[in-house]
Structure formats: structure tokens, C-alpha cells
Amino acid sequence: MPSFFSNKKLIILLVSIIILVGLIGYSRTDREQVTGPEQVIRDAVGWVQTTFTKPAYAVAGFFENVRDIRQIYEENKLLKARLEEYAQISVERNLLRNENNTLKDMLELDESLNDYLMRSAVVIHRSPDRWTDYIGLNKGSNDGIEPNMGVIDSKGGLIGKVKQVSEFSSRIQLLSDNDRTNRVSAMISMDQPEYGFIEGYDVDSGLLIMRKIDIEAEIEEDQMVMTSGKGGVYPSGLLIGEIVRVEPDEYGLTQNAYIEPTADFYALDYVYIIERTSTSLDPELLEEEPS
């Protein structure tokens, strides 16, 4: 008798395993409808998940909102500080402008190297062969454009000068053109400005080269370079770029500064043509200078 019950238990166990495997296989088949027990279990599990998920999301959202509020608060403080700084700079600029006008009146000066007029223009031509040398604009002599007028991009960075003019268009020589006659009288913004000439462009690094800087000058990285106004072409104060590195020239007599241009010579769409209104030296006097 014990042997029979033992075999009976084994048979029940085997039948149960077979039924369980069958149910598992049946539940894994692709079916459009689910059975009643499956639906009950799924609904119960879904309700439990919903019950616990909503509070979890609420807590997570609360901490995320707190983090966002803190970040917005920090950004707001920074923007307020910038606004206060901007207001202070605006006040100082107005004071300096008024003081400058007063001093000019006292000295009976009617012009400065910073005086110029601007005319907007659109880039209408660019040669693939000389992409970094020249661009064509839609303004010409009919619009008052003349050779040797300076040109800046929409952000105020110097890009070059007018080289040739026709009645309705003009050709602009970029600072990145390595023509040896393509020079700009420049100065480094310091307590005591240092002067030199933009002469050359390093195609590999995309940097302008400022030469003939006093060997004793203490030039540092990140200092700004702008036009000096003493070259007779550009007015003073047009942005050229920022110094990246400085090294002695090949003879060790002067320094060369490598400058990251303010303007992007590869992406030019809209520009401004600069007409210098201050007096320049007569070209005939320049020709009389000894070489």
C-alpha cells in the first residue's frame, strides 16, 4: 500500500509539471485575447504599479522642480549682476563720451581717428579658388564706395578693405589674403598701447600675424587687437582679434603676435563698408618718404 501511494504522488507531480509547462507554453503564444485569470492578475499588478508609481513620480518631480528653481535662481542672480555691470559700463561710457566732447570743444577739434560712416552691403560673389582672399559686394561707386574703404562683418570684426570698385559692385580684399601689400596698422589694447602691423595669415592655424611689435613690450594672451587709425585706411578702434600666442621674430629684434580673428572669414553674408571721415596723409607725401 505505501508503494502505491508513493507512485500516486509521483504521478500527480508529473501531471502537475506537464500542466504547468502547457500553461506556460500557452501563455507565451501570440493571442489577441487573454484568459480570465491572466486578466485578473494583470489588472491587479497594474493597479499596484499605478498606486506606487504616482507617488514616486510626484516625489521625483518635486525634487526636479526644486533643482530647476535653484538653477533659475542662480541664473537670475547672474543676469542681475550682468545687468548692473552693463548699467555701470553704460554710465561710464556716457561720462567718457561727454568728457571727450567737452575736451574736443576746448581744443577746438572737429574730428578724431574714430570717426567713420557705415554702409551695409551683401556678399554676392565668392570664388572657390580664392575663398579666403576676396569677396564681392552689391555696393559700388554709385553708392559712394571708393577703394581703400574698410569693411567689417555684422559683429564688428574687421575683414578687409575695398580693393576694386565698379558702378554697382565692389571687390573686397580680406585680411586673410597673404599679399605682401595687404597690411593693417594695429594696436594692442593695454594701459600703454603697443603698435605693429597685421602682415600675413597662417592658413593652417587660421591666425593673423601681427609683426614689428617692440621686443620689450610685455604682451600677454587674450589681449585684444584693433586698428590704430594711423595707417590712413581704417579708422581707429575696429576689432581685429584676440592674441593667442607671442614669439620673437626670426632676428630677435621684434615680436610677432598670432591673433584669433574676431571675424569668421569663411562665413560672410552681410557686411558694413566703413568710410573714414578723419583726415589722412596725402599720398604724394607718402611717396616722398625714403624707402
Side-chain angles (χ1 to χ4, degrees), residues 112-114 116 129-135 147-153 155-163 172-268 271 274 276 278-283 285-291:
S112 75
L113 295 177
N114 299 86
Y116 59 86
D129 296 334
R130 309 199 69 179
W131 190 264
T132 58
D133 298 339
Y134 291 93
I135 59 174
N148 287 332
M149 286 185 176
V151 183
I152 61 176
D153 69 356
K155 298 179 181 179
L158 183 66
I159 64 173
K161 65 181 178 181
V162 177
K163 189 68 173 180
I172 309 304
Q173 183 183 35
L174 301 178
L175 294 182
S176 49
D177 180 16
N178 272 315
D179 183 354
R180 62 184 183 85
T181 63
N182 189 22
R183 299 191 299 175
V184 181
S185 177
M187 64 180 179
I188 302 172
S189 180
M190 305 169 59
D191 293 336
Q192 294 294 328
E194 292 293 336
Y195 296 89
F197 293 90
I198 303 296
E199 297 180 341
Y201 177 76
D202 188 334
V203 178
D204 295 332
S205 64
L207 301 178
L208 296 168
I209 305 174
M210 183 176 179
R211 306 183 189 275
K212 297 182 175 61
I213 305 172
D214 187 354
I215 191 64
E216 301 295 335
E218 297 182 0
I219 310 300
E220 299 178 357
E221 296 179 1
D222 300 330
Q223 290 179 321
M224 297 303 299
V225 179
M226 59 192 68
T227 56
S228 67
K230 302 183 186 306
V233 176
Y234 307 98
S236 175
L238 300 180
L239 289 177
I240 296 176
E242 186 176 286
I243 293 177
V244 174
R245 69 176 188 272
V246 182
E247 60 186 32
D249 69 357
E250 55 183 336
Y251 303 107
L253 301 177
T254 60
Q255 298 184 81
N256 295 336
Y258 289 81
I259 301 166
E260 179 74 30
T262 300
D264 184 357
F265 300 124
Y266 290 89
L268 297 173
V271 299
I274 302 298
R276 173 175 166 151
S278 55
T279 304
S280 299
L281 191 64
D282 194 318
L285 297 178
L286 292 174
E287 292 176 0
E288 296 177 0
E289 289 184 348
S291 58

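The structure displayed is predicted, hence computed values, not measured ones.
Contact of the I259 side chain with the I198 side chain is registered, since non-hydrogen atoms from C-beta on lie closer than 4.5 Å. Here the side chains of F265 and I159 are in contact, with some heavy-atom distance below 4.5 Å. In this structure, D264 and D153 have side chains that are not in contact, with every pair of non-hydrogen atoms separated by 4.5 Å or more. Proximity of L175 to P261: side-chain heavy atoms (C-beta onward) are nowhere separated by under 4.5 Å.
For I172 against G160, the heavy-atom pair with the smallest separation is CG2-C, 4.4 Å. Between L239 and T262, the closest heavy-atom pair is CB-OG1, 4.1 Å. Nearest heavy atoms, Y234 versus R276: O-NH1, 3.0 Å.
If you run side-chain contact (heavy atoms from CB on, under 4.5 Å) between L158 and each of V151, T227, I274, only T227 comes through.
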M226 and M187: side-chain contact (heavy atoms from CB on, under 4.5 Å), yes or no, with the steps? CA-CA 6 Å; M226 59 192 68; M187 64 180 179; 3.8 Å; yes
Can you list the steps and then say if D133 with L174 is a side-chain contact (heavy atoms from CB on, under 4.5 Å)? CA-CA 5 Å; D133 298 339; L174 301 178; 6.0 Å; no
N/O donor to acceptor pairs below 3.5 angstrom from side-chain atoms of residues 202-212, sequence neighbours left out:
{"from": "D202", "atom 1": "OD1", "to": "D204", "atom 2": "N", "distance (Å)": "3.1"}
{"from": "D202", "atom 1": "OD1", "to": "S205", "atom 2": "N", "distance (Å)": "3.4"}
{"from": "D202", "atom 1": "OD2", "to": "S205", "atom 2": "OG", "distance (Å)": "3.3"}
{"from": "R211", "atom 1": "NE", "to": "E199", "atom 2": "O", "distance (Å)": "3.0"}
{"from": "K212", "atom 1": "NZ", "to": "E199", "atom 2": "OE1", "distance (Å)": "3.3"}

Which side-chain N or O atoms in residues 214-225 pair as donor and acceptor under 3.5 Å with protein atoms at least two apart or in another chain?
{"from": "D214", "atom 1": "OD1", "to": "E216", "atom 2": "N", "distance (Å)": "3.1"}
{"from": "Q223", "atom 1": "OE1", "to": "E220", "atom 2": "N", "distance (Å)": "3.0"}

